[in-house]
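So the structure is just underneath, and the comments pick up after that.
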Amino acid sequence: MPTQARCWRWRRNPLRRRSDVVEAWTVLVAAVLLFVVAPLVGVAVGVRAHDDAERVAQAARATRHQVRATVFGAPPERLPTVRGDLEHPYRAQVRWTEPGKGTRTAWARVPAGTRSGDVVPVWFDSRGRSVAPPPDETAVWQHAVTMGICAAAGAGGVVLLGHAVERRIALRHRLEEWERAWARTGPEWTQPRA
């Protein structure tokens, strides 16, 4: 019996209106869009984001190089939070030796808790500026998964919003149909009987 009550919009019966049929079809379309298309959109965006992030990471790896440097001088100072590198929030003076170029010094980003005399990995770009390390494979995957989830959620939100708008329009049409039906039948029911 519950199945019959749930699927009444699909069967022919005298109480079924055109708006009921339209609503039944839109529920089906919305369900397919929500459970099939939205996840596929998320996967497609995630794959694209992974490819883009991998390309950016490879470009960063090509333009940056790592050196093992010794921290010396004053204690590291905290960088402003606007710069955004959470793994290397401090800046300190470091010294390292490059083959053929001798000993070099520079200010570089260092991890929290670094003290004078510690040997730390430091990244520099092609112009010799201290930069954050290039994104690793984990960061690339985190970016791809985040973008895919956001895209799937956005597509699902658009589907649900569209379905809510359709239901509101269907309700308005249903009420108009009821008004027209009552305008035809109402006089028969409201006339006094002799």
Side-chain angles (χ1 to χ4, degrees), residues 2-3 6-7 9-10 18-69 76-92 106-114 120-175:
T3 304
R6 211 176 301 132
C7 298
R9 288 184 171 112
W10 293 99
R18 191 173 71 96
S19 62
D20 296 328
V21 175
V22 169
E23 188 174 356
W25 278 105
T26 56
V27 166
L28 180 65
V29 168
V32 168
L33 289 173
L34 192 60
F35 296 114
V36 176
V37 175
L40 289 176
V41 166
V43 167
V45 169
V47 167
R48 176 70 187 256
H50 182 271
D51 292 344
D52 290 345
E54 188 64 40
R55 194 171 20 263
V56 167
Q58 286 175 356
R61 285 186 212 112
T63 60
R64 299 174 186 181
H65 64 281
Q66 180 184 20
V67 296
R68 304 283 299 164
E77 56 187 51
R78 187 159 181 79
L79 290 171
T81 55
V82 185
R83 300 212 33 203
D85 185 12
L86 298 178
E87 290 182 28
H88 298 83
Y90 290 88
R91 189 175 77 142
W107 285 92
R109 296 174 180 205
V110 294
T114 302
V120 293
V122 180
W123 289 87
F124 292 99
D125 64 6
S126 57
R127 294 194 285 180
R129 294 180 301 186
S130 174
V131 292
D136 59 355
E137 194 61 29
T138 302
V140 169
W141 276 105
Q142 286 174 342
H143 174 72
V145 169
T146 301
M147 293 300 290
I149 289 172
C150 289
V158 167
V159 168
L160 292 175
L161 180 65
H163 181 63
V165 167
E166 181 281 325
R167 289 205 44 148
R168 187 164 179 112
I169 292 170
L171 177 62
R172 190 177 69 221
H173 285 272
R174 185 178 303 121
L175 292 175

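The structure displayed is predicted, hence computed values, not measured ones.
- Closest approach of P134 to A57, counting heavy atoms only: CB-O, 4.4 Å.
- R61 is linked by a salt bridge (charged side-chain N to carboxylate O under 4.0 Å, His left out) to E54, counting only residues two or more places apart in sequence or in another chain.
- The cationic atom of R64 (NZ for Lys, CZ for Arg) does not lie both less than 6.0 Å from the six-membered ring centre of W123 and within 45° of the ring axis.
- Between G42 and A151 the shortest heavy-atom distance is CA-CB, 4.2 Å.
- For the residue pair A108 and S130, the shortest heavy atom distance occurs at CA-OG, 3.2 Å.
- Heavy-atom minimum distance, D125 versus V131: N-CG2, 3.8 Å.
- Heavy-atom minimum distance, E23 versus T26: O-OG1, 2.9 Å.
- Screening residues 133-162 for ring pair (Phe, Tyr, Trp, His ring centres under 6.0 Å), with sequence neighbours left out, gives H50-W141.
- Residues satisfying the salt bridge (charged side-chain N to carboxylate O under 4.0 Å, His left out) test with R48, not counting sequence neighbours, are D52.
- Residues passing the side chain to side chain contact (heavy atoms under 4.5 Å, CB included) test with V56, sequence neighbours excluded: none.
- In this structure, Q142 CD and E137 CD are separated by 11.0 Å, a value rounded to the nearest 0.5 Å.
- With sequence neighbours excluded, the residues that form a side chain to side chain contact (heavy atoms under 4.5 Å, CB included) with L160 are L34.
- Every residue two or more places apart in sequence or in another chain was checked for a ring-ring contact (aromatic ring centres under 6.0 Å, His included) with H163, and none qualifies.
- Closest non-hydrogen pair, F124 versus W107, comes out as CE2-O, 4.4 Å.
- Side chain of S126 to backbone of T63: no donor-acceptor contact under 3.5 angstrom is found.
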